[in-house]
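Below you'll find the structure, written out as structure tokens, and then a few comments.
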Amino acid sequence: MLYDKDTIYIIGDAQASVNNPITQQYNAFFIGLVVDTTSHKIVDAGCSSTIPLTSDFVRSIFIGHNMLLLDAVAEEIRRRYHGSSQKALVVAYKDAQKKYKLALNGREEMGFQTSGTV
């Protein structure tokens, strides 16, 4: 899949519980998000997981959401994702959101246009 020039890639990470298989394999939990900076919409997503279905399901939660809105995404995670990484997924999203806001500010300082407020 090719991404538009107005998209950026953000990684958010968090610590998962010690007994979580993801922690055993990766030592951390992380999500990758491709975000359109003109609309702040998440256009693609992936996460560290031991089962491909997990990454696909997490992807379905994030795609289409506004990267600047934390509560809506966190609520959807709590409502739909009942794996042992639920809390880590919310924390990783918060981390990604923080990095996204920093990236937008950096783009504005370099003269790139973004829409909306940060």
Side-chain angles (χ1 to χ4, degrees):
M1 173 183 250
L2 296 176
Y3 299 104
D4 185 88
K5 64 180 177 61
D6 291 321
T7 59
I8 62 174
Y9 183 70
I10 301 290
I11 292 281
D13 56 79
Q15 290 299 317
S17 61
V18 176
N19 61 344
N20 187 316
I22 293 169
T23 303
Q24 307 274 323
Q25 186 171 352
Y26 299 110
N27 295 321
F29 181 83
F30 53 90
I31 57 171
L33 302 170
V34 178
V35 184
D36 183 329
T37 59
T38 61
S39 65
H40 308 296
K41 296 287 183 201
I42 299 169
V43 297
D44 208 353
C47 72
S48 54
S49 66
T50 56
I51 303 169
L53 179 60
T54 302
S55 190
D56 292 343
F57 190 80
V58 167
R59 185 174 183 265
S60 77
I61 290 173
F62 284 100
I63 290 179
H65 278 283
N66 186 313
M67 188 65 191
L68 298 175
L69 302 178
L70 173 65
D71 293 338
V73 176
E75 177 58 32
E76 186 163 350
I77 291 167
R78 285 190 277 280
R79 184 175 58 81
R80 296 182 60 204
Y81 184 89
H82 296 281
S84 60
S85 302
Q86 184 188 69
K87 186 175 181 179
L89 188 55
V90 172
V91 171
Y93 180 66
K94 286 180 184 179
D95 183 56
Q97 187 183 56
K98 182 173 78 175
K99 291 175 183 174
Y100 179 68
K101 289 176 180 180
L102 288 172
L104 285 182
N105 289 334
R107 288 172 61 91
E108 287 175 359
E109 288 173 10
M110 293 187 313
F112 292 106
Q113 296 296 322
T114 59
S115 80
T117 57
V118 181

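- Under the side-chain hydrogen bond (donor to acceptor under 3.5 Å, both in side chains) criterion, E75 pairs with no residue, sequence neighbours left out.
- Side-chain contact check for Y9 versus I11: some heavy-atom pair is nearer than 4.5 Å.
- The hydrophobic clustering, which links ILVMFWY residues whose side-chain heavy atoms are closer than 4.5 Å, places Y93 and V91 apart.
- Among pairs with a residue in residues 88-99, those fulfilling salt bridge (charged side-chain N to carboxylate O under 4.0 Å, His left out) read D13-K99, D95-K99, at least two apart in sequence or across chains.
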Contacts table for residues 61-73: side-chain donor-acceptor under 3.5 angstrom, sequence neighbours left out:
residue, atom, partner, partner atom, Å
H65, NE2, I61, O, 3.3
H65, NE2, E76, OE1, 2.6
N66, OD1, L68, N, 2.8

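- Applying side-chain contact (heavy atoms from CB on, under 4.5 Å) to Y100 and the options V35, N105, L33 leaves one that passes, V35.
- Legend: residues meeting side-chain hydrogen bond (donor to acceptor under 3.5 Å, both in side chains) with D44, ordered by chain and number and at least two apart, are Y3, R59.
- Residues I10 and A96 share a closest heavy-atom pair of CG2-O, 3.3 Å.
- Applying the salt bridge (charged side-chain N to carboxylate O under 4.0 Å, His left out) rule to D36 yields no partners; only residues at least two apart in sequence or on another chain are considered.
- If you take NE2 on H40 and NZ on K101, they are separated by 10.5 Å, rounding to the nearest 0.5 Å.
- Nearest heavy atoms, S55 versus C47: OG-N, 3.4 Å.
- In this structure, I51 shares a hydrophobic cluster with L53, the cluster being traced through Ile, Leu, Val, Met, Phe, Trp and Tyr side chains under 4.5 angstrom apart.
- The shortest heavy-atom contact between A14 and A92 is CB-N, 3.8 Å.
- Interatomic distance, F57 CZ to H82 NE2, rounded to the nearest 0.5 Å: 8.0 Å.
- T37 places a side-chain N or O within 3.5 Å of a backbone atom of D6 that can act as its donor or acceptor partner.
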